[in-house]
Amino acid sequence: MPRPRIALPFAVVVLSLSLLVWLLLRGTLWAKAGLTQIPLDEGLRGMVLGLWFDAATIAYLLLPLCLLAAFLPERWRQSRVLGWVRTGTLAAIIAVLLFGAAAEWLFWDEFSTRFNFIAVDYLIYTHEVIGNIRQSYPVGWILAAIAALAAALTALLHRHLRFRVAPRTRLARGAWLAAALLLPVASFQFADVDQMAGAGNEFAKELSGNGLFTLASAMRRNELDYDRFYKTLPQAEADATLKRLGVARQPLEQAELPEYNVHEPNEMGPFKRSPRNVVLISVESLSAEFLGAYGGTRDLTPRLDQLAREGLMFANVYATGTRTVRGLEALSLGTPPVPGQAIVRRPNNEHLATIGELLEHQGFQPYFIYGGYGYFDNMNAYFAGNDYKVVDRTDFSKASIPFENIWGVADEALFDNALEILDQPAAKGQRFFAQIMTTSNHRPFTYPPGRIDIPSPGGRDGAVKYTDYAIGRFIDMARKKPWFNETLFVIVADHCASVAGKTRLPVASYRIPMIFYAPSMLPAGRFEKMVSQIDLPPTLIDVLGAQGEDHYFGESIFESAERPPRAFISNYQELGYYKGGILTVLSPKKKVDAFRIDQETFAATPAEVDPALEREAIAFYQTGARAFKRNALRSPAYAAAPAGPSRLR
């Protein structure tokens with residue numbers, strides 16, 4: 001006799017399958033991280049807390065099933081056709097669950113987090129993201145495996161289960177309708193992504209999450225209003241605090257900004273003379289630890305190590321964030337990171353006091369030269385709106401591109417085209433400022449064959465070594481140009497390769513390299529004082545002999561040698577102020593935490609909040625966020641003008 005099949009409601013089957021897939025995913029993510037990152041007690045706590053977020057997610061996913069159960073006519077529920085539809089729907093649900101688990105695994109492999117703001121961005125820029133995934137992973141095999149496994153599981157369940165179809169009374173239909181209405185409301189009311197913090201360290205916190213839940217939360221929190229979510233000070237007190245700290249920027253409440261702040265003479269630090277031009281190379285995802293000059297041991301950067309020995313190496317530089325747009329914001333605008341999206345991606349971001357905008361009004365030709373598609377992350381619109389001449393891969397001739405992938409042209413092609421572009425203003429006797437943004441050190445980590453001793457695709461190590469080769473080659477070719485001896489080359493990362501850590505803001509994961517190279521005018525040396533990315537714009541203004549330093553929150557590096565160093569590090573929500581070995585963290589819900597950072601290991605230990613450091617952190621972040629919101633970051637020529645129409649694409 002065949003064994004009778006178990007009868008279960010369809011919604012119960014879907015619920016059970018969802019919980020099982022998410023539980024197995026959470027276990028594999030824990031295994032991937034390992035017990036060193038997620039200890040046993042914290043991992044178990046994360047697994048248990050994860051059930052809460054799974055239930056909160058299911059409360060939304062069951063909504064259509066509950067509505068069908070409430071309103072589907074009785075004669076339809078008993079039909080054979082609906083049985084087929086139900087089986088097909090089950091197969092589709094299983095496939096979607098498995099696809100989501102695979103996507104989360106790949107995202108964790110790259111970022112060590114559940115879906116977050118980065119995933120939201122990836123949903124917007126699908127061309128690059130889908131192309132990147134196709135070039136990085138065997139997508140066809142993965143999809144085939146998901147389809148086969150979904151079909152097999154559906155057949156297995158169909159053999160052992162049947163879906164209960166009981167008569168529906170008015171009371172039962174009312175109960176299903178109530179569930180459809182109340183479950184999502186209850187989930188929205190009682191489940192909050194901030195509850196993930198109860199899981200333990202940052203790895204355990206991310207383990208406890210549910211990818212769909214965290215993705216939806218990131219979409220809702222894409223923009224965070226500082227005054228609503230963070231602790232504040234009276235603005236007059238914040239202005240006084242910044243003035244006491246030596247910040248050159250004018251008070252936020254001041255009615256009119258001066259056209260320029262004139263320095264007599266400009267602070268050039270160790271420079272023998274002022275450079276005529278600047279080439280700023282912002283390198284994709286280059287952690288300091290990759291360079292031998294910064295303690296790296298894998299011999300990945302022989303050319304950068306040579307430039308560090310021959311130029312001025314900055315030993316303690318910290319990125320402000322975890323994305324390219326955050327680095328571009330800091331390197332162009334010199335402002336502390338605003339919570340939520342970077343200013344590069346926000347509306348009304350044109351004609352700000354960027355270094356390119358200020359220099360353009362003083363006779364320089366500013367460029368933004370990018371190896372990828374500049375519409376990504378709104379880069380083209382931002383830089384064009386701030387008077388840079390924008391050049392991206394679409395402007396390069398095909399003959400000049402020996403290799404490209406979905407993310408961009410090979411860095412050597414980017415630099416070859418940059419040399420041709422910079423020859424143009426130089427031939428006219430015009431000074432130039434060029435920011436060049438690389439792409440090769442990005443997944444899928446592919447590059448031209450025969451350049452380095454690691455075959456392509458060479459993973460992160462190969463991409464770093466190829467980028468090092470391309471930068472060295474660029475300097476060699478630039479050395480032959482008549483404008484070389486009058487040009488300062490600045491090499492700095494946009495952010496680190498990874499910011500995963502046991503704390504929300506792992507300080508070591510924000511440390512990036514920065515090198516000034518100008519052999520004819522800058523002696524070799526090593527600068528030990530801590531520096532923030534936002535300090536580069538006012539520093540370059542100074543060494544160029546230009547005007548406008550008082551439009552920045554950052555400080556000129558060589559002018560502020562006597563002041564205590566500080567750095568700003570952030571993710572999309574937490575805003576960190578690192579000073580005197582203490583990391584003060586401002587978080588939503590007006591929360592403030594502090595951590596003592598070991599100067600050797602960078603290990604973080606919870607500490608009492610220092611009121612003075614708390615006040616300084618609030619003064620910087622509050623004033624920066626308000627300044628952008630009130631159009632007070634505009635350049636002198638546009639300071640009195642209202643914000644124009646959004647250039648956000």
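Quick note: residue numbers are just sequence positions, from 1.
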Short side-chain to backbone donor-acceptor contact, Thr322 and Asn571, under 3.5 Å: no
Test item: Lys389 and Gln365 side chains (from C-beta on) under 4.5 Å apart, heavy atoms: yes
Short side-chain to backbone donor-acceptor contact, Arg114 and Thr214, under 3.5 Å: no
Minimum side-chain heavy-atom gap Pro339-Tyr572 below 4.5 Å: no
Partners passing side chain to side chain contact (heavy atoms under 4.5 Å, CB included) against Ile421 (at least two apart in sequence or in another chain): Tyr367, Ile369, Val391
Plane angle bin for Phe489 and Tyr517 - parallel if under 30°, tilted between 30 and 60°, otherwise perpendicular: tilted
Side-chain heavy atoms of Pro337 within contact of Phe568, under 4.5 Å: yes
Aromatic ring pairing Phe314/Phe527, orientation class (parallel under 30°, perpendicular over 60°, tilted between): tilted
Salt-bridge present (Asp227, Lys629; N to O < 4.0 Å): no
Under 3.5 Å: donor-acceptor pair, side chain of Thr487, backbone of Asn277: no
Distance (rounded to the nearest 0.5 Å) between Ser532 OG and Tyr510 OH: 12.0 Å
Set of side-chain hydrogen bond (donor to acceptor under 3.5 Å, both in side chains) partners for Lys591, sequence neighbours left out: none
Any side-chain donor near an acceptor of the partner, Thr324 and Asp494, under 3.5 Å: yes
Phe53-Phe213 aromatic ring centre distance below 6.0 Å: yes
Side-chain heavy-atom pair Leu536, Met514 within 4.5 angstrom cut-off: yes
Test item: Gln362 and Glu360 side chains (from C-beta on) under 4.5 Å apart, heavy atoms: no
Pairs touching residues 607-616 that satisfy side chain to side chain donor-acceptor pair (under 3.5 Å), sequence neighbours left out: Lys231-Glu614, Tyr577-Glu616, Lys579-Glu616
Working for side-chain contact (heavy atoms from CB on, under 4.5 Å), residues Val592 and Ser587: CA-CA 6 Å; Val592 182; Ser587 303; over 6 Å; no
Flag, side chain of Arg249 to backbone of His551, donor-acceptor distance under 3.5 Å: yes
Distance-only side-chain donor-acceptor flag, Asn631 / Asn348, under 3.5 Å: no
Check: Tyr388 ring centroid to Phe383 ring centroid under 6.0 Å: yes
Trp407/Tyr373 aromatic ring centres below 6.0 Å: no
Nearest atoms (heavy-atom pairs only) where Leu328 meets Met379: CD1-SD, 3.4 Å
Steps toward side-chain contact (heavy atoms from CB on, under 4.5 Å) verdict (Arg273, Glu486): CA-CA 9 Å; Arg273 65 181 188 278; Glu486 302 299 322; 3.4 Å; yes
Over all atoms of both residues, closest heavy-atom pair of Pro366 and Asp387: CG-O, 3.2 Å
Test side-chain contact (heavy atoms from CB on, under 4.5 Å) applied to Glu574 and Leu586, step by step: CA-CA 6 Å; Glu574 281 80 24; Leu586 310 180; over 6 Å; no
Spatial distance of atom CG (Leu633) from atom CZ (Phe553) [nearest 0.5 Å]: 6.0 Å
Short side-chain to backbone donor-acceptor contact, Tyr552 and Thr539, under 3.5 Å: no
Residues that Thr623 engages under side-chain hydrogen bond (donor to acceptor under 3.5 Å, both in side chains), provided they are two or more places apart: Gln235
Considering all heavy atoms, the nearest Met313-Ala293 contact: CE-O, 3.1 Å
Closest non-hydrogen atom pair, Ser285 against Phe290: O-CE1, 3.9 Å
For the student: nearest non-hydrogen atoms of Cys496 and Ser287, plus distance: CB-OG, 3.3 Å
Geometric class of the Phe516/Phe271 ring pair [parallel <30°, tilted 30-60°, perpendicular >60°]: tilted
Under 3.5 Å: donor-acceptor pair, side chain of Glu549, backbone of Glu555: no
Check: Leu575 and Phe620 side chains under 4.5 Å, non-hydrogen atoms: no
Side-chain heavy-atom pair Ile534, Thr335 within 4.5 angstrom cut-off: no
Pairwise distance OG1(Thr113) to CG(Leu207) - rounded to 0.5 angstrom: 12.0 Å
Partner set under side chain to side chain contact (heavy atoms under 4.5 Å, CB included) for Ala493, not counting sequence neighbours: Leu286, Ile512, Pro513
Asp593 side-chain N/O to Val585 backbone N/O, donor-acceptor pair under 3.5 Å: no
Worked check of side-chain contact (heavy atoms from CB on, under 4.5 Å) between Met437 and Phe368: CA-CA 8 Å; Met437 182 71 228; Phe368 176 69; 3.9 Å; yes
Closest heavy-atom pair and its distance - Gln533, Thr320: OE1-N, 3.0 Å
Side chain Asn386, main chain Glu357, donor-acceptor under 3.5 Å: no
Residues Tyr230, Tyr621; criterion ring-ring contact (aromatic ring centres under 6.0 Å, His included); working and verdict: CA-CA 9 Å; Tyr230 295 85; Tyr621 283 111; 8.3 Å; no
All side-chain hydrogen bond (donor to acceptor under 3.5 Å, both in side chains) counterparts of Tyr578, not counting sequence neighbours: Gln599
Backbone N/O of Arg346 and side chain of Asn349: donor-acceptor pair under 3.5 Å: yes
Spacing of CZ belonging to Arg326 relative to CZ belonging to Arg323, to within rounding of 0.5 Å: 10.0 Å
Carboxylate-amine/guanidinium contact Lys529 Asp535, below 4.0 Å: no
Nearest-0.5 Å distance, OG of residue Ser332 to CG of residue Leu352: 8.0 Å
Trp108 side chain near Glu206 side chain, heavy-atom distance below 4.5 Å: yes
Distance (rounded to the nearest 0.5 Å) between Ile557 CD1 and Met530 CE: 12.0 Å
Donor-acceptor pair, side chain of Arg634 and main chain of Glu350, under 3.5 angstrom: yes
